[in-house]
Amino acid sequence: MVTKANGEVCGECGGRTYLIERRGDRAHARVCTCSVRCGLCDGRGYSYEVREETFSAKVGPKRYEVLVPCVCQRREKRLAHFNEVGLPGVVAHSGFENYRAFNEAQDRARNLAMHFAHHFEKTKTGTNKGFILSGPVGTGKTHLLAATLKHLVLEVGLEARYVEISLLYATIRRGFQEGKSGGEIIGPLSEVEVLAIDELGKGRGSPFEMETLDELIARRYNAGRTTLFATNHSLEPERRGTRAAAPSGYRSTEDAKTAAREVELLRERVGERIYSRLCEMCSFVEFPKETTPDQRRMRQELEPRPSPPPGGGRSGR
């Protein structure tokens with residue numbers, strides 16, 4: 001935390017020295033106006049650091065100054081990395097502190113994501129187990145992915161990426177038209193330290209989609225890279241019992257669609273090979289459908305309704 005010369009904390013950034021805002025459809029980070037000119041190096045980018053070493057047992061410890069990159073340079077690098085993550089603009093202000101949990105599973109998910117972010121072993125590839133969050137739409141899964149990536153990039157100094165799986169498929173298809181191979185697009189995502197894949201299981205399940213997903217996850221699995229996921233599909237290993245058909249044996253089309261949605265499993269959407277690897281790569285947390293509200297719907301329903309115009313809503317024409 002950085003304070004002003006008079007001891008006050010900046011009211012705009014809260015002492016973090018940077019701000020995160022929404023720019024178009026992406027979250028963007030920039031240096032706060034309070035820190036545009038660094039007070040440590042006066043804008044030069046380097047500062048002196050005092051070190052102490054023993055070069056000779058006879059002389060003993062000796063202190064000396066060396067010129068090192070200023071902390072403002074590290075901040076600039078981290079902000080630049082954050083702007084490459086690709087977080088949606090709608091979650092620009094999402095953090096652990098403003099995530100609202102409505103049940104034990106959501107509270108457990110927040111604690112899991114916080115622990116993962118705050119205890120990430122930066123120097124130990126393959127030791128950081130990811131997590132996968134499952135739940136209905138609007139229950140804060142993307143919020144927690146965003147909060148996790150923010151902390152890892154801006155506070156820990158990692159490189160990370162966020163992708164929504166259906167948009168990744170679309171990007172690769174457009175790449176084909178430009179003469180690019182799928183591997184050219186998947187390659188950087190395979191190598192980044194932490195990757196968050198949102199909407200896992202979404203799509204038509206075509207051979208192209210399944211092959212793309214399998215290649216991406218296989219590459220990361222084999223390299224010991226950490227991957228985070230969010231999905232609307234159930235993490236249950238097997239189908240539960242479905243609603244019995246009417247005595248006549250007749251089931252309407254709508255009933256069939258509803259039953260299929262109720263029991264649709266991630267395992268069936270991604271296949272046994274990918275699901276097996278997810279079991280090893282991630283901790284699972286599933287939000288119960290019955291007690292996890294759609295927070296976007298809740299906000300809309302709680303908004304005050306505009307009063308009707310005088311005269312019963314007639315235009316007066």
Supply the atom-to-atom distance [X] [atom1] to [Y] [atom2], rounded to the nearest 0.5 angstrom.
| X | Y | atom1 | atom2 | value |
| --- | --- | --- | --- | --- |
| Phe116 | Thr226 | CZ | OG1 | 5.0 Å |
| Thr227 | Leu278 | OG1 | CG | 9.0 Å |
| Glu191 | Arg219 | CD | CZ | 7.5 Å |
| Leu152 | Glu159 | CG | CD | 12.5 Å |
| Phe131 | Leu228 | CZ | CG | 4.5 Å |
| His115 | Arg110 | NE2 | CZ | 15.5 Å |

Nearest heavy atoms of [X] and [Y], plus distance in Å:
| X | Y | result |
| --- | --- | --- |
| Val270 | Met210 | O-CE, 3.2 Å |
| Ala117 | Val156 | O-CG2, 4.0 Å |
| Glu155 | Tyr18 | OE2-OH, 2.7 Å |
| Gly14 | Val9 | C-CG1, 3.2 Å |

Quick check on the hydrophobic clustering: are [X] and [Y] connected, directly or via other members, by side-chain heavy-atom contacts under 4.5 Å?
| X | Y | value |
| --- | --- | --- |
| Leu158 | Leu144 | yes |
| Leu200 | Tyr162 | no |
| Val137 | Leu167 | no |
| Ile197 | Leu149 | no |
| Leu19 | Leu87 | no |

Determine, step by step, whether Asn128 and His119 satisfy the side-chain hydrogen bond (donor to acceptor under 3.5 Å, both in side chains) criterion, reporting the C-alpha distance in whole Å, the side-chain angles of both residues, the deciding distance to 0.1 Å, and the verdict.
CA-CA 9 Å; Asn128 300 285; His119 295 85; over 6 Å; no
Mind checking what makes salt bridge (Lys or Arg N to Asp or Glu O under 4.0 Å) contact with Glu211, not counting sequence neighbours?
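With sequence neighbours excluded, Glu211 shows a salt bridge (Lys or Arg N to Asp or Glu O under 4.0 Å) to no residue whatsoever.
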Report yes or no: does [X] contribute a side-chain atom to a donor-acceptor pair with the main-chain N or O of [Y] at less than 3.5 Å?
| X | Y | value |
| --- | --- | --- |
| Thr139 | Pro136 | yes |
| Ser134 | His233 | yes |
| Glu184 | Ser181 | yes |
| Arg267 | Pro237 | yes |
| Asn83 | Ala29 | yes |
| Arg220 | Leu189 | yes |
| Arg269 | Gly205 | no |
| Asn98 | Gly95 | yes |
| Gln106 | Phe102 | yes |
| Lys150 | Ile20 | no |

In terms of side-chain geometry, is the basic nitrogen of [X] or [Y] positioned less than 4.0 Å from the acidic oxygen of its partner?
| X | Y | result |
| --- | --- | --- |
| Glu286 | Lys141 | no |
| Glu280 | Lys129 | no |
| Arg30 | Glu21 | yes |

Name the residue from Cys32, Ser35, Cys72 that meets the side chain to side chain contact (heavy atoms under 4.5 Å, CB included) definition with Thr17.
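Checked Cys32, Ser35, Cys72 against Thr17; only one passes side chain to side chain contact (heavy atoms under 4.5 Å, CB included): Ser35.
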Would you say the side chain of Leu133 lies within less than 4.5 Å of the side chain of Thr142, judging by non-hydrogen atoms?
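Result no, sub-4.5 Å side-chain heavy-atom pair not found.
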Determine whether Val285 and Ile132 make a side-chain contact, defined as any pair of heavy atoms from C-beta on separated by less than 4.5 Å.
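No, every pair of side-chain atoms sits at 4.5 Å or beyond.
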Would you please test Ser166 and Glu164 for side-chain hydrogen bond (donor to acceptor under 3.5 Å, both in side chains) and show each step?
CA-CA 6 Å; Ser166 60; Glu164 185 185 316; 3.1 Å; yes
Go through it in stages, so that I can follow the logic: the residues are Thr292 and Asn103, the test is side-chain hydrogen bond (donor to acceptor under 3.5 Å, both in side chains), and I'd like the CA-CA distance, side-chain angles, deciding distance and then a yes or no.
CA-CA 7 Å; Thr292 312; Asn103 53 47; 2.8 Å; yes
Before you tell me yes or no, could you show the steps for Arg78 and Glu76 under salt bridge (Lys or Arg N to Asp or Glu O under 4.0 Å), namely the whole-Å CA-CA distance, both residues' side-chain angles and the distance that decides it to 0.1 Å?
CA-CA 6 Å; Arg78 291 185 177 185; Glu76 290 282 358; over 6 Å; no
Between His151 and Phe96, what is the ring plane arrangement, given parallel below 30°, perpendicular above 60°, and tilted in between?
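Tilted: the ring planes of His151 and Phe96 meet at 30° to 60°.
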Report the relative orientation of the aromatic rings in Tyr275 and Phe284; use parallel for angles under 30°, tilted for 30 to 60°, perpendicular for over 60°.
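Plane angle over 60°, so perpendicular.
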Tyr169: side-chain contact (heavy atoms from CB on, under 4.5 Å) partners, not counting sequence neighbours:
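Tyr169: side-chain contact (heavy atoms from CB on, under 4.5 Å) contacts with Ile165, Arg173, Phe208, Glu209, Thr212, Leu213.
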Go through Thr33 and Glu12 one step at a time and tell me if the side-chain hydrogen bond (donor to acceptor under 3.5 Å, both in side chains) criterion holds.
CA-CA 9 Å; Thr33 52; Glu12 191 175 9; 3.3 Å; yes
